Amino acid sequence: MALTEGLESIFQDVIKRNPGEAEFHQAVREVLESLGPVLVKYPEFAESKIIERICEPERQTIFRVPWQDDRGEVQINRGFRVQFNSALGPYKGGLRFHPSVYLGIIKFLGFEQIFKNSLTGLPIGGAKGGSDFDPKGKSDNEIMRFCQSFMTELWRIIGEHTDVPAGDIGVGGREIGYMFGQYKRLTNKFEAGVLTGKGLVYGGSQVRTEATGYGCVYFVEEMMKAHKNGLKGKKIIVSGSGNVAIYTHEKATELGGKVIAMSDSNGVIIDEKGINLDTIKTLKEVERRRIKDYCEYHKGAKFVANGNIWDLQCDVAFPSATQNELTGKDAKKLIKGGCIAVGEGANMPSTPEAVHTFIEAGTLYGPGKAANAGGVATSGLEMQQNAARDAWSFEATDTRLHSIMKNVYQICSEAAEEFGAPGNMVVGANIAGFIKVARAMTAHGIV
Ligand code: NDP
Ligand code: 2IT
């Protein structure tokens, strides 16, 4: 999609100032494509260069993470924290440990996080961090030493009122525990609200583990409900088999859907009877094994090595693995096969061509920054509980999550309608997320 002249020049400037960061450019462009009508309605945002300022992170930190592997050999990784925007609250966003991590990935994630966090209605700014560390095949002790070394740098720039990291790819409850332990030791403070996604016994929140997947399903249910439809009886595919994918499966199944395929970076499993989630949880959450091992336990299931999950036919798709995992060609195949709804559990899993294809076809399409906002929203609820030294029940927390996701859907729908793109959740999410941040930045002056 073409940009207006003013927005195109902002975009060219972003490319020039951030060379070689393709994912960041992609995320910025997608937001800018929605903002034309906003600048017509609110010319003051253009005058005070809100968009140019939003595209420039407030602060970026890159640091060395040395650690010793089990053989005593010294390893060196690179750590990142991009504190993108604090107009609405302390910086907030996950940490990703994956060998593909570099500044461009952290910046795309941090940029999207600003608008996602705004949509939750909670007082949280946007940030992201992580490392090019590869947790695969590492022993528990190696993971602990890495997390301790990572936190030995990170602790200086975070804090419950400053910046509150959480998990993302490769960072779950185990890693958060090791990082919390090291932060506590370095600061001599039990500052529960400095990290979210903590274990339940030391300040974690009920439902945080489930939140991104559950929230994504709640969002898709809202989109379908508006079209007098629902997940009941639907054939579903969920890519990935990590935290988001597992709890997407759990909630979608509870609502009457049948998940017939999941994946990891080595391939796809297909079980037409419905993928057995207990087996996936054991393989992935406990034993940290590969998804192909599923077939050892379920003889009717099939494993396709290096397969493309989007070759399969389904009614509803939940891309829940990683960025750009679903191409324009994949989107066309899905639509041809009868797919009517897509909920992005992952961040930016669809390429720009795929997004365009879904929107053109009228597919009910929930973009990541809206559909997967339940994770960070529940992190926000964890911060509330920590601040009050309280712990809510599972039911009370899930009820809050559900109503937040309904509200995210509502405000995206209203913004899409108001700005001339009814039903377009990309436009709705970008505009609704942006306006709140822009108003706060305007109130704060030129900072
Ligand atoms: P996990 O590490 O728990 O799981 C990631 C899953 O995606 C694994 O199955 C992994 O397979 C697969 N995957 C990751 N990278 C690649 C790749 N480059 N190619 C193919 N497969 C890949 O992460 P999460 O479930 O937490 O995160 C999944 C997505 O959801 C990410 O995009 C993340 O940013 C997003 N997200 C996460 C939230 C959270 O609360 N955790 C909140 C909102 C969004 P393998 O094990 O083989 O690498
Ligand atoms: O992408 C995301 O929203 C997350 N990884 C969760 C961030 C958080 O702070 O809970």
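Bear in mind the structure is a predicted one, so any value in this text is a computation, not a measurement. This chain uses plain numbering: 1 for the first residue, then up along the sequence.
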Visitor: Using atom types as modelled and distance alone, determine if a side-chain donor or acceptor of H249 lies under 3.5 Å from a backbone N or O of I275.
Guide: yes
Visitor: Considering non-hydrogen atoms only, spot the tightest contact between G423 and A416 and give its length.
Guide: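 Distance-wise, the nearest heavy atoms are N-CB, 4.2 Å.
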Visitor: Keeping the roles fixed (side chain from D163, backbone from I158), state whether a donor-acceptor pair exists under 3.5 Å.
Guide: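 Side chain of D163 to backbone of I158: no pair is present.
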Visitor: Would you say that more than 12 heavy atoms from the other residues, nucleotides or ligands in this model lie under 6.0 Å from the NE2 of H298, or not?
Guide: yes
Visitor: Within the distance-only criterion (no hydrogens, no angle test), does the side chain of R81 pair as donor or acceptor with the backbone N or O of G130 below 3.5 angstrom?
Guide: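 No; judged by distance alone, with no hydrogens or angles, the pair does not exist.
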Visitor: Mark yes or no for whether S118, through its side chain, and G433, through its backbone, hold a donor-acceptor pair below 3.5 Å.
Guide: yes
Visitor: Atom NZ of residue position K184 - does it have more than 12 heavy atoms of other residues, nucleotides or ligands inside 6.0 Å?
Guide: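 No, NZ of K184 has 12 or fewer neighbouring heavy atoms, counting only those of other groups under 6.0 Å.
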Visitor: Between the main-chain N or O of Y178 and the side-chain N or O of Q182, is there a donor-acceptor pair closer than 3.5 Å?
Guide: no
Visitor: Closer than 3.5 angstrom, by distance alone: can the side chain of W310 be matched with the main-chain N or O of E325 as a donor-acceptor pair?
Guide: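 Checking the backbone N and O of E325 against the side chain of W310, a donor-acceptor pair under 3.5 Å is found.
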Visitor: Less than 3.5 Å apart, any donor N or O on the side chain of E221 or Y409 sitting next to an acceptor on the other?
Guide: no
Visitor: To the nearest 0.5 Å, tell me how far L364 CG sits from I340 CD1.
Guide: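 Rounded to the nearest 0.5 Å, the CG-CD1 separation comes out at 6.5 Å.
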Visitor: Test of understanding: with salt bridge (Lys or Arg N to Asp or Glu O under 4.0 Å), list the residues that count as partners of D278, not counting sequence neighbours.
Guide: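 So D278 forms no salt bridge (Lys or Arg N to Asp or Glu O under 4.0 Å) with any residue.
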Visitor: Between N117 (side chain only) and K92 (backbone N and O only), is there a donor and an acceptor less than 3.5 Å apart?
Guide: yes
Visitor: When rounded to the nearest 0.5 angstrom, what is the spacing between OG in S205 and NZ in K198?
Guide: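 These two atoms lie 8.5 Å from each other.
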Visitor: So, T397 versus Q206: side-chain donor-acceptor pair below 3.5 Å or not?
Guide: no
Visitor: Run the salt-bridge test on K189 and E160 with the 4.0 Å N-O cut-off and return the result as yes or no.
Guide: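 E160 and K189: not salt-bridged.
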Visitor: Can you label the angle between the Y214 ring and the Y218 ring as parallel, tilted or perpendicular, going by 30° and 60°?
Guide: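 The rings of Y214 and Y218 stand perpendicular, inter-plane angle above 60°.
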Visitor: Hydrogens and angles aside, do N141 and D70 bring a side-chain donor and acceptor to less than 3.5 Å of each other?
Guide: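 Judged by distance alone, the side chains do not pair up.
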Visitor: Using side-chain hydrogen bond (donor to acceptor under 3.5 Å, both in side chains) as the criterion, point out the one residue from D132, D168, N347 that pairs with R96.
Guide: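 Testing R96 for a side-chain hydrogen bond (donor to acceptor under 3.5 Å, both in side chains) against D132, D168, N347 leaves exactly one candidate, D168.
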Visitor: Could you walk me through whether T253 and V259 pass side-chain contact (heavy atoms from CB on, under 4.5 Å), step by step?
Guide: CA-CA 7 Å; T253 307; V259 178; 4.1 Å; yes
Visitor: Could you tell me which residues satisfy salt bridge (Lys or Arg N to Asp or Glu O under 4.0 Å) with E417, sequence neighbours excluded, listed by chain and number?
Guide: none
Visitor: Using 30° and 60° as the class limits, which term best fits the ring planes of F146 and F133: parallel, tilted or perpendicular?
Guide: parallel
Visitor: To the nearest 0.5 Å, what is the distance between NZ on K302 and CG on D271?
Guide: 11.5 Å
Visitor: Got a second to check how far R145's CZ is from S139's OG, nearest 0.5 Å?
Guide: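 So the CZ of R145 and the OG of S139 are separated by 6.0 Å.
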Visitor: Should we say atom CZ of R185 is surrounded by more than 12 heavy atoms from elsewhere, each under 6.0 Å from it?
Guide: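 Open: at most 12 neighbouring heavy atoms sit under 6.0 Å from CZ of R185.
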Visitor: Dump the intermediate steps for side-chain contact (heavy atoms from CB on, under 4.5 Å) on V31 and K369, then the final yes or no.
Guide: CA-CA 11 Å; V31 171; K369 62 171 83 67; 3.9 Å; yes
Visitor: Please identify which of these residues, I237, D315, V316, L312, meets the side-chain contact (heavy atoms from CB on, under 4.5 Å) condition with L334.
Guide: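 Exactly one option meets the side-chain contact (heavy atoms from CB on, under 4.5 Å) with L334, and it is I237.
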Visitor: Which heavy-atom pair separates P57 from V82 by the least distance, and what is that distance?
Guide: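 Closest heavy-atom pair between P57 and V82: CB-CG1, 3.7 Å.
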Visitor: Looking at K436, I'd like to know if its NZ atom is crowded, meaning that more than 12 non-hydrogen atoms belonging to other residues, nucleotides or ligands lie closer than 6.0 Å.
Guide: yes
Visitor: I would like to know whether Y102 and E21 meet side-chain contact (heavy atoms from CB on, under 4.5 Å); could you show each step before the answer?
Guide: CA-CA 9 Å; Y102 77 106; E21 298 177 359; 4.2 Å; yes
Visitor: Got a donor-acceptor contact below 3.5 angstrom from the Q83 side chain to the I157 backbone?
Guide: yes
Visitor: Considering non-hydrogen atoms only, spot the tightest contact between I404 and T120 and give its length.
Guide: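 Looks like CG2-O, 3.9 Å.
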Visitor: With sequence neighbours excluded, what pairs up with K284 under the side-chain hydrogen bond (donor to acceptor under 3.5 Å, both in side chains) test?
Guide: D264
Visitor: Nearest heavy-atom pair of A211 and G374: which atoms, and what distance?
Guide: CB-O, 3.4 Å
Visitor: S149 side chain to P66 main-chain N or O, any donor-acceptor pair under 3.5 Å?
Guide: yes
Visitor: Restricting to salt bridge (Lys or Arg N to Asp or Glu O under 4.0 Å), what partner residues turn up for R78, sequence neighbours left out?
Guide: none
Visitor: Looking only at the aromatic ring of each residue, does the gap between the centers of F84 and F108 stay below 6.0 angstrom?
Guide: no
Visitor: Starting at OG1 of T152, measure out to CH2 of W67 and round the result to the nearest 0.5 Å.
Guide: 14.5 Å
Visitor: Can you list the steps and then say if F150 with F80 is a ring pair (Phe, Tyr, Trp, His ring centres under 6.0 Å)?
Guide: CA-CA 9 Å; F150 186 83; F80 301 89; 9.2 Å; no
Visitor: For P123, check side chain to side chain contact (heavy atoms under 4.5 Å, CB included) against everything at least two apart and list the hits.
Guide: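 P123: no side chain to side chain contact (heavy atoms under 4.5 Å, CB included) contacts found.
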Visitor: With a 3.5 Å cut-off and no angle check, do the side chains of E30 and Q26 form a donor-acceptor pair?
Guide: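 There is no such pair between these side chains.
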Visitor: For a quick test of reading the model, state the closest non-hydrogen atom pair linking K128 to G110 and the distance between them.
Guide: CB-N, 3.5 Å
Visitor: Would you say that M425 contacts F219 through its side chain, given a criterion of any heavy-atom pair below 4.5 Å between the two side chains?
Guide: yes
Visitor: Going by atom types alone, do N18 and K107 pair a side-chain donor with an acceptor below 3.5 Å?
Guide: yes
Visitor: Could you grab the distance from atom CD of E222 to atom CG of N407, nearest 0.5 Å is fine?
Guide: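 Answer rounded to 0.5 Å: 10.5 Å.
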Visitor: For N85, check side-chain hydrogen bond (donor to acceptor under 3.5 Å, both in side chains) against everything at least two apart and list the hits.
Guide: none
Visitor: Using modelled atom types only, decide if a donor and an acceptor are shared between the side chain of H227 and the backbone of N229 within a distance under 3.5 Å.
Guide: no
Visitor: List the atom of V28, the atom of C55, and the distance in Å for their closest heavy-atom pair.
Guide: CG1-SG, 3.9 Å
Visitor: Going through the distances and angles, do L154 and Y183 end up as a side-chain contact (heavy atoms from CB on, under 4.5 Å)?
Guide: CA-CA 9 Å; L154 190 71; Y183 182 86; over 6 Å; no
Visitor: Assess whether a salt bridge exists between R156 and E153, defined as any Lys/Arg side-chain N lying under 4.0 Å from an Asp/Glu carboxylate O.
Guide: yes
Visitor: Regarding E344 and Y365, is there a side-chain donor-to-acceptor distance under 3.5 Å anywhere?
Guide: yes
